[in-house]
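Read through the structure below, which is laid out as structure tokens, and then see the notes.
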Amino acid sequence: MDRFRLFFQHFQNSSESVMNGICLLLAAVTIKLYSSFDFNCPCLARYNTLYGLGLLLTPPLALFLCGLLVNRQSVVMVEEWCRPEGHRRKDSGIIWYMCSSVLQRALAAPMVWILLALLDGKCFVCAFSNSVDPEKFLDFANMTPSQVQLFLAKVPCKEDELVRDNPARKAVSRYLRCLSQAIGWSITLLLIVAAFLVRCLRPCFDQTVLLQRRYWSNYVDLEQKLFDETCCEHARDFAHRCVLHFFASMKSELQARGLRRDLGEEPPEPLDDLDGESGKAHLRAVCSQEQVDHLLSTWYSSKPPLDLAASPGFWGAGLSHRAPMVAPGTRLSQHTDV
């Protein structure tokens, strides 16, 4: 049980594990969708190719887009690519590394669909039955060209009266199915060999660049997560203080209207105590709507440099010209601008 809990915690904390899990889930959904799909070729010369290729390529495109949508790193990659440079230079190598990682996961489910369709052969037979060379089959020698085209269009429909129990139909269908399976197995073998070579040959080369790009791609993802979490924490704390200051500011109005019966009986509560501990001074320094808007704009347009030894004023003093910063322990005014 403890091992399962540790594994589950690792899965939750690892963004890569989550994405791999989603990738496997999409692949499993792809297999289920294909197995439950009822394939019906129109058996018309004008529409066979369109229907067959559409069924072979359209669902993979939809699965590819779904893979991009569920992958959080795709959004982070686009944001990193489109953001202004500001105080932090943009590294195209990191963006390409993130792009390759996103594409590898997004292409898994589409490739599963295409391989299943090719190994099954129905889509291929429907799409290319009209393209078969009649000279390869002796049964078409006594047919006119129009009869041949009509016959080939009916090949995917084995129950049609024109081709039922006809050995020529079985020969054409078997030929196309074998060709489809050969293409499917060739692609499968090619992918396996490519993955094997990448896995085996990668340690033979210098890993410095790869480690750097992996580190900084993870950093960009984690930085955005931490910024979002900190914004949520600040929003909660800011809302809490605004509510407290609202009730505190109403005391004088209640006293003026004579709605309080306990005047002078209880000492005024210090707002610092209502606000809680002073450990959130870095969050409470931003205490107005104008400062929050400027902080968010600064984060987008000019992210801080990746140098903790640099002076904080280099990138953190942008709020000083907008609204005064409040030092830790300083009592805020009763009216907070929201």
Side-chain angles (χ1 to χ4, degrees), residues 23-24 26-67 103-198:
C23 177
L24 292 176
L26 285 176
V29 170
T30 301
I31 297 175
K32 182 64 178 178
L33 285 175
Y34 188 85
S35 61
S36 61
F37 183 78
D38 187 14
F39 182 85
N40 292 306
C41 185
C43 295
L44 297 173
R46 184 179 301 178
Y47 301 108
N48 280 7
T49 303
L50 182 63
Y51 181 81
L53 292 180
L55 191 61
L56 183 65
L57 300 177
T58 302
L61 179 61
L63 291 170
F64 176 74
L65 296 178
C66 289
L103 290 179
Q104 287 175 14
R105 294 185 175 95
L107 287 172
M111 288 304 302
V112 170
W113 178 279
I114 293 176
L115 291 177
L116 285 177
L118 289 175
L119 294 177
D120 184 55
K122 293 180 181 178
C123 295
F124 195 87
V125 172
C126 181
F128 297 101
S129 61
N130 295 329
S131 303
V132 174
D133 186 6
E135 296 181 358
K136 295 182 179 180
F137 305 92
L138 299 178
D139 299 299
F140 297 120
N142 299 325
M143 294 185 183
T144 63
S146 60
Q147 291 176 337
V148 170
Q149 291 301 318
L150 180 61
F151 185 91
L152 292 177
K154 299 294 183 178
V155 166
C157 302
K158 60 182 179 180
E159 300 299 330
D160 192 276
E161 295 181 358
L162 181 63
V163 296
R164 184 184 302 172
D165 298 329
N166 192 310
R169 189 208 70 82
K170 295 180 180 180
V172 174
S173 178
R174 185 166 52 249
Y175 169 76
L176 291 174
R177 192 180 293 269
C178 291
L179 184 60
S180 175
Q181 292 177 352
I183 296 174
W185 283 116
S186 298
I187 295 176
T188 304
L189 180 62
L190 181 63
L191 292 176
I192 294 175
V193 171
F196 175 78
L197 291 177
V198 170

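No hydrogens, no waters, no symmetry mates; every other heavy atom, side chains included, goes into these values. Bear in mind that the values here come from a model prediction, so they are computed numbers and not experimental data.
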Residues in side-chain contact (heavy atoms from CB on, under 4.5 Å) contact with L107, at least two apart in sequence or another chain = F64
query = Short question: side chain of S36, backbone of K32 - any donor-acceptor pair under 3.5 Å?
reply = yes
inquiry  = For C126 versus G52, what's the shortest heavy-atom pair and its separation?
reply    = SG-N, 4.3 Å
key: ring-ring contact (aromatic ring centres under 6.0 Å, His included) involving F128 - partner list, sequence neighbours excluded   = F124
ask   = Are L116 and D120 close enough, and set up right, to give a side chain to side chain contact (heavy atoms under 4.5 Å, CB included), and what steps lead you there?
value = CA-CA 6 Å; L116 285 177; D120 184 55; over 6 Å; no
ask   = Of the non-hydrogen atoms in C123 and A117, which two are nearest, and what is the gap between them?
value = SG-CB, 4.4 Å
Side chain S173, main chain K170, donor-acceptor under 3.5 Å = no
query = In Å and rounded to the nearest 0.5 Å, what is the CG to CG distance from D160 to N166?
reply = 11.0 Å
ask   = With sequence neighbours excluded, what pairs up with S146 under the side-chain hydrogen bond (donor to acceptor under 3.5 Å, both in side chains) test?
value = T144
ask   = What's the spacing between Q181 CD and I183 CD1 if we round to 0.5 Å?
value = 11.0 Å
Which atom of V148 lies closest to which atom of P134, heavy atoms considered = CG1-CG, 3.6 Å
query = Got a second to check how far L56's CG is from L61's CG, nearest 0.5 Å?
reply = 12.0 Å
query = Can you name the nearest heavy-atom pair linking M111 to L191, along with the distance?
reply = CE-CD1, 3.7 Å
message = Would S129 and N48 count as a side chain to side chain contact (heavy atoms under 4.5 Å, CB included) here? Give the steps.
response = CA-CA 8 Å; S129 61; N48 280 7; 3.6 Å; yes
request  = Please check if the side chain of R169 supplies one atom and the backbone of V155 the other of a donor-acceptor pair under 3.5 Å.
outcome  = yes
note = Output for pair (K158 NZ, R164 CZ), nearest 0.5 Å, gives 11.5 Å
request  = Could you walk me through whether L152 and F140 pass side chain to side chain contact (heavy atoms under 4.5 Å, CB included), step by step?
outcome  = CA-CA 10 Å; L152 292 177; F140 297 120; 3.8 Å; yes
query = Are side-chain N/O atoms of N40 and Y51 paired as donor and acceptor at under 3.5 Å?
reply = no
inquiry  = Is it true that, when you exclude N142 itself, more than 12 heavy atoms of the residues, nucleotides or ligands shown sit nearer than 6.0 Å to its CG?
reply    = no
Between OG1 on residue T58 and CG on residue L53, distance to nearest 0.5 Å = 9.0 Å
message = I need the I187 CD1 to L118 CG distance, nearest 0.5 Å.
response = 5.5 Å
ask   = For W113 and L55, which heavy atoms make the closest approach, and how far apart are they?
value = NE1-O, 3.1 Å
query = Taking the side chain as C-beta and beyond, is there a heavy-atom pair between V112 and Y34 under 4.5 Å?
reply = no
remark   = So disulfide bond (SG atoms under 2.5 Å apart) across residues 144-186, not counting sequence neighbours, yields C43-C157
query = Can you name the residues that form a side-chain hydrogen bond (donor to acceptor under 3.5 Å, both in side chains) with K136, not counting sequence neighbours?
reply = Y175
Pairing residues for N130 by the side-chain hydrogen bond (donor to acceptor under 3.5 Å, both in side chains) criterion, not counting sequence neighbours = none
key: Where F151 and M143 come nearest, the two heavy atoms and their spacing   = CD1-CE, 4.2 Å
